[in-house]
Amino acid sequence: MALNREFVGRQYAAPATYEVSRVKIKEFAAAIGDTNPIYRDREAAKAAGHPDVIAPPTFPIVFTLTGAGEALADPELGLNYAMVVHGDQRFEYTRPIRAGDELVCVSTITEIRSVGRNEVLTVQSDVTTVDGEHVCTSYNTIVERGGAA
Amino acid sequence: MSATIKYDEVETGQQIEAADYPVRRVNLVMYAGASGDFNPIHWNERFAKTVGLPDVIAHGMYTMAQGGRFVTDWVGDPGAVVDYSVRFSSMVVVPDDDEGATITVSGVIEQKLEDKRVLVALTARSGDSRVLSRARAVVQLA
């Protein structure tokens with residue numbers, strides 16, 4: 001089923017701020033098999049010029065989809081989640097995410113289009129600190145296989 | 001930030017030595033837990049097959065993370081990665097055995113940018129398939 005184009009431009013704020021903890025960064029780094037000490041050891045992070053341990057570049061996937069996830073589950077959108085695969089992903093950084101950050105995430109559905117038999121939807125998530133400092137922006141494009149057939 | 005690679009010491013076209021990253025079912029279970037992505041196509045073979053997949057497949061983001069690891073291992077400081085983007089062009093199929101699958105990542109300095117930044121183009125393969133395309137990282141060098 002074609003996705004509802006009326007969702008383009010809709011914005012979703014995450015229901016709560018995301019508090020970045022050392023424990024979560026360590027867990028995520030372990031899950032991707034990455035032993036870099038800058039993810040685990042404050043002294044190693046400080047030696048590299050960071051105030052605390054930082055998160056791997058793909059870490060924002062942990063929290064950026066919470067707001068948009070609600071939108072994607074809206075029956076009015078018409079997305080069959082079982083047929084969804086990840087199409088494209090980009091992370092653009094102003095500075096690394098680090099332990100102690102309290103982050104605000106606002107997600108916007110920026111595009112819905114048909115590509116062949118598939119429906120393609122892009123969500124942009126802007127991540128800032130509670131003080132309004134930009135940290136990173138995530139661009140997440142998903143593909144619903146057969147959605148446009 | 002303190003990248004260990006100096007901008008003046010890299011050239012356009014320079015290769016970054018390939019690395020292999022194994023992926024077994026346990027890695028996908030850990031990744032599901034850490035990322036919060038519990039889509040059953042990443043851990044339930046029975047479900048994966050009912051939606052037309054050959055077997056359980058890795059999270060695209062797991063594969064992207066291995067490409068990220070390749071870049072951060074090269075540059076030293078993960079904070080040096082200022083932009084990282086990929087297209088997921090093929091699936092990484094992960095059989096339920098002791099071998100699992102292997103993701104092989106290689107890279108090349110595609111362009112030297114301003115402010116001591118470089119554009120690194122990545123290639124990621126698993127088996128005969130190219131699993132990432134248009135994989136690019138902008139990295140701040142020293």
Options [options], ranked by heavy-atom pairs under 4.5 Å with chain A, top entry:
options                            : answer
B:Leu132, B:Thr72, B:Asn27         : B:Thr72
B:Met91, B:His59, B:Gln66          : B:Gln66
B:Met30, B:Arg136, B:Arg87         : B:Arg87
B:Gly68, B:Gly33, B:Ser85, B:Ala34 : B:Ala34

Residue-level contacts of residues 25-34 of chain A with chain B, using a heavy-atom cutoff under 4.5 Å: A:Glu27, A:Phe28, A:Ala30, A:Ala31, A:Ile32, A:Gly33, A:Asp34
Would [X] and [Y] show up in the same hydrophobic cluster when neighbours are defined by side-chain heavy atoms closer than 4.5 Å?
X        : Y       : result
B:Leu122 : B:Tyr21 : yes
A:Leu121 : A:Tyr81 : yes
B:Val93  : B:Val51 : yes
B:Val75  : B:Val10 : yes
A:Leu72  : A:Tyr12 : yes

Rounded distance [0.5 Å steps], [atom1] in [X] versus [atom2] in [Y]:
X       : Y       : atom1 : atom2 : answer
A:Thr58 : B:Met64 : OG1   : CE    : 7.0 Å
B:Ser35 : A:Phe59 : OG    : CZ    : 10.5 Å
B:Tyr62 : A:Ile61 : OH    : CD1   : 16.0 Å
A:His86 : B:Asp37 : NE2   : CG    : 9.5 Å

Where [X] and [Y] come nearest, the two heavy atoms and their spacing:
X       : Y       : value
A:Glu92 : B:Asp83 : CG-OD2, 3.7 Å
B:Gly79 : A:Ile54 : N-CD1, 3.2 Å
B:Pro78 : A:Asn36 : CG-ND2, 3.5 Å

Are more than 12 heavy atoms from other residues, nucleotides or ligands located less than 6.0 Å from atom [atom1] of [X]?
X        : atom1 : result
A:Arg117 : CZ    : no
B:Lys112 : NZ    : yes
B:Asp20  : CG    : yes
A:Arg40  : CZ    : yes
A:Glu102 : CD    : yes

Which portion of B:Tyr31 sits near chain A, non-hydrogen atoms under 4.5 angstrom: both
B:Phe47 portion near chain A, given a 4.5 angstrom heavy-atom threshold: side chain
Quick check on [X] against chain B: is it the side chain, the backbone, both or neither that has a heavy atom closer than 4.5 Å?
X        : result
A:Arg98  : neither
A:Pro57  : side chain
A:Tyr139 : neither

Min side-chain heavy-atom separation A:Phe91-B:Val81 under 4.5 Å: no
